[in-house]
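Atoms within a ligand are numbered from 1 in the order they appear, just like the ligands themselves.
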Amino acid sequence: MTQTSITRSWVASANGHSDFPLQNLPLGVFSIEGGAPRSGVAIGDHIFDLEAALDAGLFDGTARAAVEATRGGQLNAFFELGREARVALRERLLELFAEGSTLHGKIEAQGAKLLPLAANCEMHLPAKINDYTDFYVGIEHAQNVGKLFRPDNPLLPNYKYVPIGYHGRASTIRPSGTDVRRPKGQTLPAGQTEPTFGPCARLDYELELGIWIGQGNEMGDSIAIGDAADHIAGFCLLNDWSARDIQAWEYQPLGPFLSKSFITSISPWVVTAEALEPFRRAQPARPEGDPQPLSYLFDQRDQAAGAFDIELEVLLLTETMREKNLPAHRLTLSNTQHMYWTVAQMVAHHSVNGCQLQAGDLFGSGTLSGPQSGQFGSLLEITEGGKKPIELASGEVRKFLEDGDEIILRARCSREGFASIGFGECRGKVLPAR
Ligand code: MN
């Protein structure tokens with residue numbers, strides 16, 4: 001049994017909390033009542049104010065240096081410190097919040113100064129994101145989408161050799177809760193030869209895992225596959241909102257552009273590799289006949305434990321459903337085990353040409369669909385490009401997202417003998433085009 005598999009907390013709401021029990025301890029940046037953004041750790045229904053705790057003398061040694069690096073409302077410097085600092089902080093937090101902690105009284109005495117209720121806080125982006133890259137490692141999604149365009153040949157020949165990706169837009173990444181303004185752009189109406197300009201009519205979501213880069217590399221150097229996991233600071237949920245009609249017209253020959261760059265939503269808590277340790281899995285075996293990864297992408301240890309078992313869920317809540325008090329409709333239930341490439345392979349590939357990665361860079365995994373209906377991570381797949389609308393309990397139908405629709409991503413890790421942890425939500429509501 002590891003330390004994280006059994007411990008209860010004196011923070012009552014942490015025990016059995018669906019997202020943030022003592023075993024999770026994700027980091028984030030929050031503010032209260034318009035105050036300056038500051039770093040914190042989610043525990044139960046509360047946020048542990050790291051900066052206030054630092055001032056209260058609750059950290060020393062490596063853990064203290066780690067918390068010092070979280071000052072200023074951005075976690076980049078903390079990410080840069082790497083695994084050792086992260087582990088030292090985690091161990092100190094486990095000590096502070098475990099049932100029977102000698103510091104229980106001291107922390108509780110300061111009340112909301114150290115442990116405000118999360119409901120009273122606003123969450124911000126956890127780091128300054130210099131660069132954002134979106135991959136395409138969800139092989140079921142790649143096949144589903146490929147089939148819509150090339151029924152006989154859904155995967156292009158490079159897919160099983162190259163972790164496919166493109167450079168996304170960092171400036172429009174926003175935390176959960178930020179509204180999504182319907183984008184405008186050029187689209188080519190069916191049967192026409194010339195485009196029209198107007199609001200996107202095929203607005204979609206993409207269910208993805210977000211990957212936060214920790215220590216980077218110098219330009220010209222690359223990160224070896226065997227070291228790549230140590231360059232990851234943590235994980236979040238990511239919704240790569242997509243304007244399918246704009247995308248269909250613009251994407252050839254260079255890939256997505258304005259169809260993706262209007263907003264990308266992320267869950268604000270950074271779930272660490274340490275919290276996910278019990279939920280690591282072997283990378284699923286490649287189907288018979290698939291090529292082995294080239295050697296710069298192959299590492300025995302990464303193949304043995306470089307995948308994760310994270311259940312992913314997407315919910316839809318329309319304006320009408322909210323008015324009628326209907327529960328959100330589940331669109332997707334999927335899992336991170338549908339990734340053809342591991343997160344370490346993404347890091348190794350991204351840097352193999354000498355491209356510099358920096359602390360606080362963000363990767364998206366690509367849409368993580370499963371093979372069955374009910375597991376598709378986008379409406380493009382669920383409705384087969386709008387051909388098969390879905391019916392909702394409200395009596396409404398949807399081919400793509402309408403104004404007022406809200407998409408909610410959630411994630412959960414469970415394993416016998418271990419506390420379940422979650423990621424918190426990544427939500428966004430569609431507003432009409434302006
Ligand atoms: Mn995407």
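- Every residue two or more places apart in sequence or in another chain was checked for a side-chain hydrogen bond (donor to acceptor under 3.5 Å, both in side chains) with S267, and none qualifies.
- The side chain to side chain contact (heavy atoms under 4.5 Å, CB included) test applied to A328 returns L315, L317, not counting sequence neighbours.
- In this structure, L331 and I390 have side chains that are in contact, with non-hydrogen atoms separated by less than 4.5 Å.
- Using cut-offs of 30° and 60° for the angle between ring planes, the H350 and H167 rings count as perpendicular.
- Judged by a 6.0 Å distance limit and a 45° cone about the ring axis, R202 is not positioned over the six-membered ring of W249.
- By the criterion of a separation under 2.8 Å, the protein N/O/S atoms near the Mn ion (ligand 1) amount to D134 OD2, E206 OE1, E208 OE2, D240 OD2.
- Applying the side chain to side chain contact (heavy atoms under 4.5 Å, CB included) test to T320 and every residue at least two apart in sequence or in another chain returns T318, K324, S394, E396.
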